[in-house]
Amino acid sequence: MAPNRPRRGTPSFRQPDSWPERRASSDKAPRSEMSSPGRVSGALGRAVLFGAGLVLAQAAGANESLVELSQDPGQWVMPGKNYAVTRYSELDQINAGNVARLEPAWTFSTGAVAGHEAAPLVIGETLYVVTPFPNILYALNVRDGSLKWRYDPRPQIAAQGVACCDVVNRGAAYLDGKIFFNTLDNHTVAVDAESGREIWKTKLGEINLGETMTMAPLVVKNHVLVGNSGGELGVRGWITALNAETGEIAWRAYSTGPDEEVLIGDDFDPPYDDARGEDLGVTTWPEGKWQTGGGTVWGWISYDPELDLIYHGTGNPGPWNHEQRSGDNKWSSTLFARDSDTGQAKWAYQTSPHDLFDYDGINESVLVDLTIDGETRNVLIHPGRTGYIYVMDRATGRLISAEPFVAITSSKGVDLETGRLIPNEEKIPKVGETVEDICPASPGGKDWQPVAYSPRTGLLYVPHNNLCQDMTTVDVGYMAGTPYVGAEVAMEAGPGGHRGEFTAWDPVAGEAVWKIEERFPAWSGALVTAGDVVFYGTMDRWFKAVDAKTGEELWRFRTGSGIIGQPVTFEGPDGAQYVAVLDGVGGWSGAIVPHELDPDIPYGALGFVGAMTDLPQYTPPGGTLYVFKLAGGDVAEE
């Protein structure tokens, strides 16, 4: 323990020769259409009015203006609504008493048919949405859905061939008149929010190595934080900070390798002894294996402005065949707390040491204050793929609790003294043997689909899976840009025969308050409002509103395709509250539909096809943005 050690300064940063240079917009003509700058309204207008104050905030810490915008209930300026990623809105015009009167206000077809997982952004009077490949960014008028402009980044077609789990994109981020998003072929792009003009475009990875990018960025101060995908192709995971003004790389932290490259220094103070030691990102792997060890950063990032720490998870180690990678395989399947300016790690906690089942640690970490045993605690809540909901001290990373929220056979609990997952020896895979009834399956108790938290009810609303699997491991060799898995998985419904659930969870008591069973995995994000309404979508084409306190279904609407997107809510220029969500089934769970996979091959889509053979009977592919409001003008009903 060394909490009083001096902080190591900002590390020197040398860009490896293999990293292509960024390309500024001056190098080429912008690729936007229907551009019409016009009058700057809403949040953009307020930004202009702030004038020099914004410039000062940008120099001292640009997140100050973004924090203010994220606290405006009328807008949705970052994927998780706020830095705490609560996905909670203070809007209450739509409430449990009148939500049954919701009806479509307008719709917009994206023109794409792969999995639509993004959360729209709403800034002022403009809604922004990113499609799956080819990653087109649309700007729409919130009044009627009319198209303001579109920006086409023209990603390389070959990127589709190395995307392990569909060609999805999880959304965009905003700061100071710019929209930031990632393309499948490893570019981060900054686009002018008013005109659609490309400002900068930076290449960060190589598709010929198996790298792609699907995650939604987060902007903290003057940094755009992004990470890579490709753990099933043996890439080396990283999180990168880009300068929001120029697109230049500020720092990069790898998930494997020596401390210098993981950005572990004198200020690193992990909560458990197994994370102490020099260069564990090398020594906990067989010789050289860390270089193809996965640990990609394709999920969610949170930020605590008071502690000035960002929180992110890392993905599974590669390959899935654990017998080819002895040791804890750090820092895969790990939660990191890092200094936002330098990327230096403050602490790290490995949720699944020597991961056996593809239990990535990339799920969101929700930052809230809870009263536990009569004491107010500043906590991080992480609903893990391991099947446990972790409640942790977010300053230290120390566990407070880790309770199961799904059926679990793969482990026997979490040791709160050591922090380690307790394996079930009977379920450890062995080469050439099939191990049956592993629960949860590789997508975990919950995959990427984000939860919501309501300070009114104190409950966490969790869309998740109810899946188990049989698993056989085989030896596999590494070849750049090709699958590096070493396992065959066949998934099936878990206990009860249903494949998904939507659960209201009490993080203090560590137990479910109510639960809804779903035919398919609940693969959409959740949204909760001050009207005590929770919204989520299902893969069999229902968009639902349920009572936040009881789970009673209050309203449902049948969309054209299954929903795996993230609902948001905002206030329109007319003063009405709107709710928006993308349909468009796909992703890892629904890949059988848009990619027309053979239902007779259960190992397709890394084993998900076996659990979803009937999904094409319930939904076609699609890609439509739905925006809802209350019918009529009377909103007084309670």
Side-chain angles (χ1 to χ4, degrees), residues 86-89 91-105 383 405-406 446 449-454 456-466 493-506 511-569 577-583 585 589-590 614-615 617-619 624 626-632 635-638:
T86 61
R87 291 177 170 83
Y88 168 78
S89 171
L91 295 180
D92 60 2
Q93 186 182 101
I94 299 170
N95 55 57
N98 62 25
V99 68
R101 291 167 34 209
L102 275 186
E103 64 178 18
F405 66 101
V406 295
K446 190 188 78 65
Q449 61 265 48
V451 303
Y453 174 84
S454 171
R456 288 173 54 86
T457 64
L459 299 179
L460 194 73
Y461 300 94
V462 188
H464 62 95
N465 315 315
N466 180 44
H498 54 285
R499 286 160 281 184
E501 295 177 341
F502 191 90
T503 297
W505 184 265
D506 184 335
E511 61 186 17
V513 175
W514 51 259
K515 184 170 292 194
I516 300 169
E517 296 179 354
E518 294 291 350
R519 175 181 287 111
F520 297 109
W523 205 259
S524 88
L527 162 69
V528 63
T529 73
D532 290 332
V533 179
V534 184
F535 294 92
Y536 72 100
T538 71
M539 297 183 73
D540 52 354
R541 300 172 46 215
W542 290 112
F543 188 43
K544 297 184 177 182
V546 301
D547 189 294
K549 298 175 182 177
T550 67
E552 176 190 0
E553 184 175 300
L554 304 172
W555 171 85
R556 61 165 57 188
F557 180 88
R558 192 130 223 184
T559 55
S561 181
I563 298 173
I564 60 170
Q566 305 165 57
V568 305
T569 189
Q577 181 182 352
Y578 292 79
V579 179
V581 70
L582 280 168
D583 82 351
V585 79
S589 62
D614 59 336
L615 182 61
Q617 302 171 25
Y618 289 87
T619 177
T624 300
Y626 290 82
V627 179
F628 301 89
K629 66 180 293 187
L630 292 173
V635 297
E637 185 177 349
E638 297 293 341

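We use all heavy atoms of the structure for the numbers below, so side chains are in, but hydrogens, waters and symmetry mates are not.
- Distance OH/Y88 to OG1/T457: 8.5 Å, rounded to 0.5 Å.
- Shown here for P567 and G525, the closest heavy-atom pair between the two residues is CD-O, 3.4 Å.
- Side-chain N/O atoms of N465 and Q449 include a donor and acceptor closer than 3.5 Å.
- Of all heavy-atom pairs between Y618 and R541, the closest is O-CD, 3.2 Å.
- A distance of 8.0 Å separates CG in L630 from CG in N95, rounded to the nearest 0.5 Å.
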Inset, instruction - Decide yes or no on salt bridge (Lys or Arg N to Asp or Glu O under 4.0 Å) for D92 and R456, but give the supporting numbers first. - result: CA-CA 12 Å; D92 60 2; R456 288 173 54 86; over 6 Å; no

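- Under the 4.5 Å side-chain criterion, counting only non-hydrogen atoms from C-beta, T624 is not in contact with S561.
- A distance of 8.0 Å separates CZ of R499 from CG of L615, quoted to the nearest 0.5 Å.
- Checking side-chain atoms of N466 against main-chain N and O of P495 turns up a donor-acceptor pair under 3.5 Å.
- The backbone N or O of A96 sits nowhere less than 3.5 Å from a side-chain atom of D532 that would complete a donor-acceptor pair.
- Atom NZ of K549 has 12 or fewer neighbouring heavy atoms from other residues, nucleotides or ligands inside a 6.0 Å radius.
- Using a 30° and 60° split on the angle between ring planes, F543 and F535 fall in the parallel class, below 30°.
- Minimum interatomic distance between V546 and E553 (heavy atoms only, all atoms of both residues): CG1-CA, 3.9 Å.
- W514 and F502 have parallel rings, their planes meeting at less than 30° on a 0 to 90° scale where 60° marks the start of perpendicular.
- Once rounded to the nearest 0.5 Å, the distance linking OG1 of T619 with CZ of R558 reads 8.5 Å.
- Residues V451 and V462 meet the side-chain proximity criterion, which asks for heavy atoms closer than 4.5 Å.
- Note that CD1 of I516 is 11.5 Å distant from NE2 of H498, once rounded to the nearest 0.5 Å.
- Expressed to the nearest 0.5 Å, how far OG1 of T559 lies from OH of Y626 amounts to 5.0 Å.
- Of the possible donor and acceptor atoms, one in the side chain of T569 sits under 3.5 Å from a partner among the backbone N and O of Y578.
- Aromatic rings from Y461 and Y536 are positioned such that their centres are separated by 6.0 Å or more.
- Contact record, T538 with D540: OG1-OD1, 2.5 Å, taken as the closest heavy-atom pair.
- A donor-acceptor contact shorter than 3.5 Å is absent between the side chain of R87 and the backbone of V568.
- With a 4.5 Å cut-off on side-chain heavy atoms, H464 and P383 do not count as touching.
- Taking each heavy atom of I94 and V579 in turn, the nearest pair found is CD1-CG2, 3.9 Å.
- Here the side chains of L459 and S454 are not in contact, with every heavy-atom distance at 4.5 Å or above.
- The heavy-atom pair separating F628 from P104 by the smallest distance is CD2-N, 3.7 Å.
- Put simply, the side chain of W505 never gets that close to the backbone of F405: no donor and acceptor are under 3.5 Å apart.
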